[in-house]
Amino acid sequence: MGRLRVPLLAGIVAVFALVAVSCGGSSGGDENTLVYGTAADPTALDGALISDGESIRVLYQMTEGLTALEPGTSEVIPSLATDWTTSDDGLAWTFNLREDVTFHDGEPFNAEAVCFNFERWFNFPAALQGEGTTYYWQFGFGGGFKNPTEDSIGPEDSLYKSCEAVDESTVTLNLTKPSATILSALTLPSIHIVSPAALEEFEADAGAQNEDGIFTPGGTYSTEHPTGTGPFKFESWTVGEQLVLVKNDDYWGEQAQTDKVIFRPIADNAARLQALQTGEIQGYDLVEPQDVSTIEGDGNLQLLERPPFNVGWVTINHAKPPMDKLEVRQAVSHAINREEIVNSFYGGRGVVAKEFMPKEIVGYADDVQTYEYDPAKARKLLQQAGLTLPVEIEFWYPTDISRDYMPDPKRNFEAMAADLNAAGFKVTAKTAPWRPDYVSRVNAGTAGHLNLIGWIADFADADNFIGTFFQAPTDQWGFENPEIHDLLNEAEEESDTAAREQLYQEANRKIMAFAAGVPYVHASVALSFQSNIQGFVPSPVGVGGESFASVSAGDAEEGAEDTGTEDTETEETETETETEE
Amino acid sequence: MARFVARRLLLLVPILLGVSILLFLWIRALPGGPAESLLGERATPEAVEQIERIYGLDRPIYVQYVKYLEKLVTGDLGTSIASRRPVTEEIGRRFPATIELALAAMVFAIVLGVPLGFVAAKRYGGVVDHASLVTSLIGISIPIFFLAILLKYLFAVKLGWLPTIGRQDVLISADHPTGFYVLDGIVTLNFEAAWDASLHLILPAIALGSIPLAIVARITRAAVLDVQNEDYVRTARAKGVGSRIVDRRHVFRNAMLPVVTIIGLQTGLLLSGAILTERVFALPGMGSWLADSIGDRDYPVLQGGILFVALVFVIVNLLVDISYGLLDPRIRVS
């Protein structure tokens with residue numbers, strides 16, 4: 001090693017001097033490239049194998065289903081299918097397909113391709129039948145497997161029965177029972193139609209289960225060759241750094257406004273905001289409540305809000321006396337001051353829940369029984385139930401978690417516990433980390449009389465809200481109420497939209513009259529963009545309904561939105577890139 | 001020397017075996033498992049049970065361990081439950097990022113810390129000495145997380161000089177034959193990419209290097225003070241050797257021994273700091289990956305990743321021991 005020479009401060013000074021000179025603005029300002037900050041990488045780019053929001057977001061840009069959602073709403077509109085009809089028994093759905101569509105690999109989109117996809121899902125090998133592996137095929141669409149394992153859903157319980165390619169552009173899906181949710185389910189990226197040729201060439205289903213039972217794709221379909229029909233095509237993916245999509249010039253619909261979309265995973269919330277401020281990204285998802293005021297106060301940034309697609313509630317476990325008594329459950333409902341909680345802890349982005357689903361979902365009933373905040377009435381109800389006050393109950397809340405519907409569970413809990421104590425209850429606080437055991441305990445009914453939890457829906461249908469919670473007796477709720485269960489079963493199979501809506505409304509009324517639990521909030525999620533970015537339409541279903549095809553950066557000349565405080569960085573980068581066109 | 005190294009390398013086997021057993025037990029002693037984290041609100045007892053069966057977690061723990069070991073000797077560290085990618089592949093991608101960051105942080109700490117400590121000792125009790133003490137204390141006591149946010153706010157958000165996230169600008173196209181982005185830029189003669197990757201390293205390196213910087217400065221100072229009073233230094237000065245030469249040959253070189261030790265130890269410890277640094281700067285390295293895996297209870301990643309880190313730690317320590325020999329011939333002889 002000989003001698004260590006020590007180049008004192010000179011080196012450091014030189015480095016900083018160079019930095020200062022060389023580094024004008026930051027990256028990503030190319031007006032034809034949109035860089036978007038996400039919380040994590042997708043898990044895989046094969047729709048069938050994913051259920052996480054990050055994968056869904058990316059897939060939704062590249063692949064399409066037979067149906068889609070009208071941007072910004074949960075209304076189903078035609079997509080790869082132009083229209084459809086149902087047989088009288090509701091078991092056969094015939095779709096007329098768009099004829100001018102090709103997959104990104106040049107292969108034609110047709111009835112055969114549709115059936116290929118459905119048969120692929122139905123014939124998944126054992127390794128792909130796990131709940132966590134093909135979640136949406138099983139629980140979004142209701143699909144089963146032709147050759148089930150002992151744990152998985154067999155053909156008799158599968159909604160999907162068979163697929164017929166009637167002709168090139170007509171396809172019939174045969175179901176085992178009528179379904180009203182099928183049109184919504186077809187919008188899910190997991191049920192999108194992708195290129196059969198690409199699936200085969202890049203061995204989407206090859207690989208298989210290793211000794212630990214984990215499916216590792218042996219092929220490269222889900223990492224390098226996702227091939228759909230959408231407005232963007234896959235270009236490259238460097239895990240941990242960037243995922244690049246480019247515009248599909250042969251797109252059948254309206255062309256994307258942006259040449260390139262780059263998704264950058266940035267796990268840390270504060271880092272996402274700072275990267276947006278420096279211009280390294282032009283937008284990001286999941287704005288934290290505490291960052292809202294910073295964004296609103298920054299003239300270069302804008303805040304967008306996603307309509308709520310979730311519900312936060314207090315589970316009442318009817319199996320734990322005295323919760324089996326209606327009066328006691330009513331007392332809980334009257335004891336909790338929901339307005340106060342929603343106004344205090346949701347940064348202005350929560351609405352008080354009347355029932356177990358937000359009003360944007362078809363089947364919402366405005367005239368359900370409501371329980372106004374009234375501690376005196378709660379006490380009276382407890383006495384009517386023949387109980388001596390105070391009534392001792394266990395109330396559980398999770399730690400180490402923040403969900404859309406409860407950014408800070410502890411604060412919700414504390415406010416509610418105080419309310420309950422003031423209304424004749426004596427609350428014993430219990431807690432567990434969300435991961436690993438809080439949710440299992442709540443679902444297994446081994447937590448408290450009351451538990452804080454909620455739901456973020458998979459798709460925009462009442463079946464994915466109250467249908468999921470109350471269609472059958474569960475340990476979380478610990479009650480059996482045939483009237484409610486039957487109504488929901490009937491609604492699930494009713495294919496007449498109007499009749500179905502009424503059934504769900506009726507179910508909502510019954511559930512609230514029964515005081516099954518205490519829904520208290522629907523919270524919206526915020527996103528932020530630089531203020532020159534236009535055309536992003538937040539969807540009530542979240543990432544599975546938000547296309548980047550309509551997003552563009554406003555021109556500097558048209559900068560009507562320029563706020564005056566615009567700093568030079570963004571302008572610099574904009575002029576730099578104009579030559580590229 | 002060769003025998004020394006060989007013996008130390010052989011020792012790796014029992015060390016790693018022991019670590020793997022401890023890891024295996026520790027990870028499974030954590031409450032819950034990967035199922036709950038995969039399922040979220042949908043974690044019903046049945047679903048959890050199904051996943052545990054699929055992943056073989058319902059088998060007796062020694063059976064799981066033996067299976068694990070069988071694969072381990074073939075170099076297979078298993079497959080991540082969260083990402084479904086082979087653990088070795090992930091390590092291959094993430095390790096260079098962490099090493100690059102750690103090296104940059106150590107360079108920062110050494111280049112600044114050693115001279116600072118040296119000057120502080122030479123000006124013992126003076127302004128520079130006190131200033132270096134204060135700097136060191138600040139360096140040690142500011143949480144990396146906070147320092148990172150502060151640095152980003154100042155140098156990126158306010159001044160716009162430096163990037164805040166990632167290893168490379170997304171609009172720069174560059175090949176990465178080695179995975180070390182600065183080096184990649186140089187070997188592919190893509191100097192723009194190398195420069196850009198260097199810029200991306202500056203803030204993370206400062207954030208991560210602040211604690212080692214403080215420690216290196218303090219140790220250097222103490223060591224120099226020690227050595228300065230040794231007889232041979234006095235003798236050298238007495239016989240009229242120039243003060244610069246005394247400092248360089250006699251004082252500095254001898255004072256470096258404890259400093260090298262501490263640098264070695266700190267390099268190993270950098271990984272824990274890297275967890276925070278990588279997260280805040282969105283760097284796809286080992287630290288942020290392992291931290292996420294604990295939350296996900298991603299057993300294969302934790303087992304494989306931490307074992308690999310243990311291996312690196314042991315090797316770094318071996319290198320430190322070897323460097324003693326280079327610095328001090330007496331150790332080599334004995």
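It should be emphasised that the depicted structure is a prediction, and the values quoted were computed from it without experimental measurement. Per chain, numbering begins at 1; letters A, B, ... match sequence-line order.
Distance CD/Q242(A) to CG/D169(B): 9.0 Å, rounded to 0.5 Å. To the nearest 0.5 Å, atoms NZ (K158(B)) and OG1 (T278(A)) are separated by 12.5 Å. If you take CG on L283(B) and CD1 on I266(A), they are separated by 11.0 Å, rounding to the nearest 0.5 Å.
For Y153(B), the OH atom sits in a loose shell: 12 or fewer heavy atoms of surrounding residues, nucleotides or ligands are nearer than 6.0 Å. Counting heavy atoms of neighbouring residues, nucleotides and ligands inside a 6.0 Å radius, atom CD of E235(A) exceeds 12 of them.
Highest contact tally toward chain B, considering only T446(A), D52(A), I262(A), T474(A), is held by I262(A) [criterion: heavy-atom pairs under 4.5 Å]. Contact tally against chain A (heavy-atom pairs below 4.5 Å) for R167(B), R93(B), R94(B), E90(B): the top residue is R93(B).
Contact annotation for T149(A): neither backbone nor side-chain heavy atoms come within less than 4.5 Å of a heavy atom of chain B.
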CA sep, side-chain torsions, deciding dist, call: R85(B), V239(A), side-chain contact (heavy atoms from CB on, under 4.5 Å): CA-CA 11 Å; R85(B) 291 189 194 93; V239(A) 175; 3.7 Å; yes
Chi angles and distances behind the side-chain contact (heavy atoms from CB on, under 4.5 Å) call for F281(B), Q274(A): CA-CA 10 Å; F281(B) 290 97; Q274(A) 284 185 321; over 6 Å; no
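Taking all atoms of both residues into account, the shortest heavy-atom contact from A275(A) to T164(B) is CA-OG1, 3.8 Å. Smallest separation of non-hydrogen atoms from P284(B) and E241(A): CG-CG, 3.5 Å. In terms of heavy-atom proximity, A271(A) sits nearest to K152(B) at CB-NZ, 3.4 Å. Nearest approach of A282(B) to P265(A), heavy atoms of both residues: CB-O, 3.8 Å.
In this structure, the side chain of E280(A) engages the main chain of I165(B) through a donor-acceptor pair within 3.5 Å.
Side-chain contact between D268(A) and F145(B) is present, with at least one heavy-atom pair separated by less than 4.5 Å.
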